[in-house]
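Along the sequence shown, residues carry numbers from 1.
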Amino acid sequence: MKYRSTRGNIKETLNSAQAVIKGLAPDGGLFVPVNFPTPSLPLTDLSSLSYQETAKMVLSWFFDDFTTDELDDVVTGAYGPQWDDSAIAPLSAKHSGNYYLELFHGPTLAFKDVALQVLPRLMTKSLALEQISNDIIILTATSGDTGTASMRGFSDKEKTQVIVFYPYGGVSPVQLKQMLGQRGHNLTAIAIKGNFDDAQTQVKQIFNDQQFNRQLAANGFQFSSANSMNIGRLIPQIVYYLHSYGQLVKRGTIKVGDAVNFTVPTGNFGDILAGYYAKKLGLPINKLICASDENNVLTDFFKTGTYNRKRHFYLTNSPAMDILVSSNLERLIFDCYQEDDKAVSELMAALDHDGSYQVTAEVKAQLDQQFAAGFASQDDVIAEIKRVYDNDSYVIDPHTAVASFVTKQYQAKSDDHTPTIIVSTASPYKFPETVLTALTGKEPAVGGLDAIKALQQELATDLSPNVQVLFDQTPRDEQVILPGEMEKLIATVLKLK
Ligand SMILES: *Cc1c(COP(=O)(O)O)cnc(C)c1O
């Protein structure tokens, strides 16, 4: 299995271990398989395979540099007792006509755990396979969920160091508690005086600072990235599409071969792209429904064929989806343009320089066939959490509520009666303030852990172990620096000479 860049020459290829270590292609493109796997997808067997067995099967299609034993090790370690539910990704009963695929039973209470429990294990094995002696520095700018899940995933992993930068005052109280409470000899989380974009811009600059990279190398270090563009994060996400389909078959809701829809609350387009890959592998998906919040750049893209990032940026109650440039969309574009790297490079250059690009009418028609799209306002989110709870006593988080609202809207205006799975990306306890506001009709007087307690009282349920643990951790003191001091801080953490 070889990988290439979406913007680069097809002759320049890497094996999967190299692609995992590099994360992003040097030309700014994303790694994609040179030959997309064409396994005979065992549709009939999906209902009897465990989550772990499905994961091993999918990983073996994309990471064939690793032995079966190595992948076994990765999957067993990734999906073990650190999950609150032994099903890993349980599918809910039918609520308000649809099914919710719960991806938030991992250690940091959001779907990023699904991939970030796998990536560090793949990374360690990739370093061994490639005989890389440097330690890997995972540098991450985060608005919340990625930082917590990366720190948890890489905690005490050999030959790796994680340095996370987050906006001071810009992450939720629960996320802050998770980052400052996470233990591990190789973890650092630092607040910067600025917003997420300031952190992200600096991280990119530091990544490309040649002199700093040479200094790192001289000290036995090299950078890598755990962001959602890394194939080591993308591929594990294919698994839950296959597995949840099997669950509907097992329940007798559908027959093998029947189509389903998936609605995905979308930010960087990584989650929904994995659904597209599942379809490419042969899973009968009718529509992938792309759900956005008020940052509805993707809704407009699917409606008009023009991607335009020149617009107001909103901070919403679904913060993990507050994004204007959805990086993983590039892989979909690459596919729709029949793997034409020149066309992709031109479109992405236009996005860089002019802030927008337009796809051809042909590609637009292709997208119309496979995707639907919609968005929810913050008020819609509040109302949707309440509606689902009042109907079914089922509690959803704000991100899931975006998807749930968009599903309802889509079903009301189309005559599509395909069974629909709503991808549920975070625990309601990760965003307790918004959920309490929705359920009680007023903003809670408390935040963070106190809001979790208040929500628990409101719902009269027990806290799961992964929520409970938040109350047992003693957080470190918060350290705050200026964006311009990030490089110096990295040098200090790594004791660079
Ligand atoms: C990251 C995240 C998303 C968005 O996923 P993408 O892969 O970036 O589209 C949605 N919901 C939650 C809770 C997340 O953490």
Check this for me, if you would: do K56 and E53 make a salt bridge, where the nitrogen-to-carboxylate-oxygen distance has to be below 4.0 angstrom?
no
Minimum heavy-atom separation for P107 and Q117, please, with both atom names.
CG-NE2, 3.6 Å
Taking K442's backbone N and O only, do any of them form a donor-acceptor pair with T440's side chain (distance below 3.5 Å, no angle check)?
yes
In sequence, state the C-alpha distance, the side-chain angles, and the governing distance for L332 and L273, and then conclude on side chain to side chain contact (heavy atoms under 4.5 Å, CB included).
CA-CA 7 Å; L332 175 65; L273 185 85; 4.0 Å; yes
Is K280 positioned over the aromatic face of F36, cation under 6.0 angstrom from the ring centre and no more than 45 degrees off axis?
yes
Do S356 and N308 have a side chain donor and acceptor closer than 3.5 Å?
no
Would you say S225 and N230 are linked by a side-chain donor-acceptor pair, where the criterion is simply a distance under 3.5 Å?
no
Backbone of L91 reached by a side-chain donor or acceptor of Q247 within 3.5 Å
no
Could you verify whether a donor N or O on one side chain and an acceptor N or O on the other, from E443 and T437, lie under 3.5 Å apart?
no
Smallest separation among heavy atoms of I396 and A401, with atom names:
CD1-CA, 3.6 Å
Cut-off 3.5 Å, side chains only: do D322 and N295 have a donor facing an acceptor?
yes
Least distance between heavy atoms, E458 atom then L436 atom
CB-CD2, 4.3 Å
Measure up the Y51 and Y79 rings against each other and bin them: parallel (under 30°), tilted (30 to 60°), perpendicular (over 60°).
perpendicular
Tell me if a side-chain donor or acceptor on T400 pairs with a main-chain N or O of T425 at a distance below 3.5 Å.
yes
Begin from the C-alpha positions of R233 and N227 and carry the test side-chain hydrogen bond (donor to acceptor under 3.5 Å, both in side chains) through to its verdict.
CA-CA 8 Å; R233 278 190 60 180; N227 68 25; over 6 Å; no
Nearest heavy-atom neighbours spanning I138 and A226:
CG2-CB, 3.6 Å
What do you reckon, are the aromatic ring centroids of F111 and H399 less than 6.0 Å apart?
no
Please assess M229 against F31 for the test side chain to side chain contact (heavy atoms under 4.5 Å, CB included), listing each intermediate value before the final yes or no.
CA-CA 8 Å; M229 284 91 95; F31 290 120; over 6 Å; no
Any donor and acceptor pair, going by atom type alone, linking the side chain of Y429 with main-chain N or O of Q468 inside 3.5 Å?
no
Provide the closest heavy-atom pair for P428 versus V435 in the form atom of the first, atom of the second, distance.
O-CG2, 3.7 Å
Name the orientation class of the two ring planes belonging to Y307 and Y357 (parallel below 30°, tilted from 30 to 60°, perpendicular beyond 60°).
parallel
Could you check whether T316 and S318, counting side-chain N and O atoms only, form a donor-acceptor pair closer than 3.5 Å?
yes
Whether K94 and D392 form a salt bridge (side-chain N of Lys/Arg under 4.0 Å from carboxylate O of Asp/Glu) is what I want to check.
no
Pairing donors with acceptors under 3.5 angstrom, does anything connect the side chains of Q178 and K430?
yes
Working for side chain to side chain contact (heavy atoms under 4.5 Å, CB included), residues R309 and L351:
CA-CA 8 Å; R309 68 170 165 84; L351 182 63; 4.1 Å; yes
Given 3.5 Å as the limit, does a donor-acceptor pair link the side chain of T407 with the main chain of A403, or not?
yes
So, the side chain of D352 versus the backbone of A349: is there a donor-acceptor pair under 3.5 Å, distance only?
no
S326 side chain to G267 main-chain N or O, any donor-acceptor pair under 3.5 Å?
yes
Give a yes or no answer on whether the side chain of Q370 reaches the backbone of L367 with a donor-acceptor pair at less than 3.5 Å.
no
D390 and K386 ion-paired at < 4.0 Å:
yes
Parallel under 30°, tilted from 30 to 60°, perpendicular over 60°: which one fits the rings of Y394 and Y100?
tilted
Does the separation of the ring centres of H243 and Y241 fall below 6.0 angstrom?
no
Closest non-hydrogen atom pair between L119 and G232, with its separation
CD1-CA, 3.7 Å
K310/D354 salt bridge by N-O under 4.0 Å criterion
no
Of D258, D416, T420, the residue whose pairing with N286 passes side chain to side chain donor-acceptor pair (under 3.5 Å):
D416
